[in-house]
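This report concerns only the one structure given below.
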Amino acid sequence: MSIFRRERGAPGRVSVRVAAERTGHGDGGADAVLLDVREPYEWQAGHAPRAVHLSLSALAAGAGLPTGAQARPLIVICRSGNRSRQAAELLVARGSQAVDVIGGMRDWAAAGLPVVDARGGNGTIA
C-alpha cells in the first residue's frame with residue numbers, strides 16, 4: 001500500500017526512517033521529495049540534504065511549490081511535526097500527494113540522519 005493513500009480524508013504520517021528511505025537518504029533511490037516547511041531562519045540553521053524549502057506561512061498565503069517539488073509525491077517535515085501536518089493537509093486539499101513526518105527534524109537529527117546548514121556545513125535544529 002502506498003504511504004500517500006489517504007485515509008478518511010486526512011494525509012498520512014510517516015516515521016523519520018521511512019521519510020529518509022523514500023527521499024534518498026537510505027540505501028535506495030528517492031521516489032519522493034522532502035519538503036521542509038519551517039521558517040527561513042530554521043532552514044538556514046539546519047536542514048536535510050536535498051530537501052526543498054517552502055515555509056508553512058508562505059504555503060498558507062498561496063505560494064506555489066518549488067520547482068523540484070512540483071508533480072512529485074511530498075514528504076513534509078518541520079521541527080516537531082505540527083506545522084508539517086498542517087502543510088500536508090493544505091497540500092492534499094490542493095491535490096498533491098503528501099504525508100508528514102512524525103517528530104520532524106528533531107527526530108531526524110536524533111536518528112543520526114544528516115543535517116546541513118545554509119553553507120553546507122554541519123547544521124543544527126533551531
Side-chain angles (χ1 to χ4, degrees):
M1 176 188 317
S2 170
I3 63 171
F4 297 100
R5 185 177 174 148
R6 295 174 63 179
E7 295 181 21
R8 288 177 267 151
R13 306 193 83 195
V14 297
S15 68
V16 293
R17 186 63 52 204
V18 170
E21 290 172 7
R22 300 297 295 265
T23 59
H25 294 88
D27 294 332
D31 66 349
V33 173
L34 188 64
L35 176 66
D36 191 320
V37 295
R38 295 175 299 149
E39 293 301 314
Y41 77 91
E42 296 174 282
W43 167 264
Q44 291 172 2
H47 57 272
R50 298 185 302 280
V52 296
H53 181 244
L54 176 64
S55 69
L56 174 59
S57 57
L59 181 67
L65 288 169
T67 303
Q70 295 175 1
R72 304 259 330 262
L74 302 168
I75 297 181
V76 186
I77 196 165
C78 66
R79 184 172 188 267
S80 64
N82 292 320
R83 288 175 285 176
S84 60
R85 186 163 183 96
Q86 294 173 44
E89 290 172 355
L90 281 171
L91 290 162
V92 167
R94 294 179 186 174
S96 295
Q97 290 183 321
V99 296
D100 83 292
V101 180
I102 300 165
M105 286 301 295
R106 288 191 313 193
D107 282 7
W108 181 277
L113 293 163
V115 178
V116 296
D117 66 16
R119 297 180 184 170
N122 290 331
T124 60
I125 306 306

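This structure is a prediction, so every number in the text was calculated from the model and none was measured.
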At their closest point, which heavy atom of A98 faces which heavy atom of P11, and how far apart are they?
O-CB, 3.5 Å

Take R17 and L113 through the side chain to side chain contact (heavy atoms under 4.5 Å, CB included) test and state the conclusion after the steps.
CA-CA 9 Å; R17 186 63 52 204; L113 293 163; 4.0 Å; yes

Contact summary for G81 and R13, nearest pair of heavy atoms:
O-NH2, 3.2 Å

If you take all heavy atoms of A126 and Y41, which pair is closest and at what distance?
CB-CE1, 4.3 Å

Identify whether L34 and V37 are in the same connected component of the hydrophobic contact network (ILVMFWY, side-chain heavy atoms under 4.5 Å).
no

Which of parallel (below 30°), tilted (30 to 60°) and perpendicular (above 60°) describes W43 and H53?
parallel

Scanning both residues in full, the closest heavy-atom pair of A45 with D117 reads O-CB, 3.5 Å

In a check of side chain to side chain contact (heavy atoms under 4.5 Å, CB included) between V33 and each of I75, L65, V52, T23, which one passes?
V52

Over all heavy atoms of both residues, which pair between Q97 and P73 is shortest? Give the atoms and the distance, please.
OE1-CG, 3.5 Å

Identify whether V101 and I125 are in the same connected component of the hydrophobic contact network (ILVMFWY, side-chain heavy atoms under 4.5 Å).
yes

Distance-minimising heavy-atom pair for H25 and P49
NE2-O, 2.7 Å

Rounded to the nearest 0.5 Å, how far apart are CG of D107 and OG of S15?
9.5 Å

In Å, rounded to the nearest 0.5 Å, how long is the span from CG of D31 to CD of E21?
10.5 Å

Test side chain to side chain contact (heavy atoms under 4.5 Å, CB included) applied to L35 and L54, step by step
CA-CA 7 Å; L35 176 66; L54 176 64; 4.0 Å; yes

The single option from R79, H47, R83 passing side-chain hydrogen bond (donor to acceptor under 3.5 Å, both in side chains) against E42
R83

Between OG on residue S80 and CZ on residue R85, distance to nearest 0.5 Å:
12.5 Å

Given S84, which of V76, L56, V99 fulfils the side chain to side chain contact (heavy atoms under 4.5 Å, CB included) condition?
V76

Would you sort out whether I77 and M105 count as a side chain to side chain contact (heavy atoms under 4.5 Å, CB included), showing the intermediate values?
CA-CA 7 Å; I77 196 165; M105 286 301 295; 3.5 Å; yes

Working note: D36 + R38, criterion salt bridge (Lys or Arg N to Asp or Glu O under 4.0 Å); need CA distance, chi angles, decisive distance, verdict.
CA-CA 6 Å; D36 191 320; R38 295 175 299 149; 2.8 Å; yes

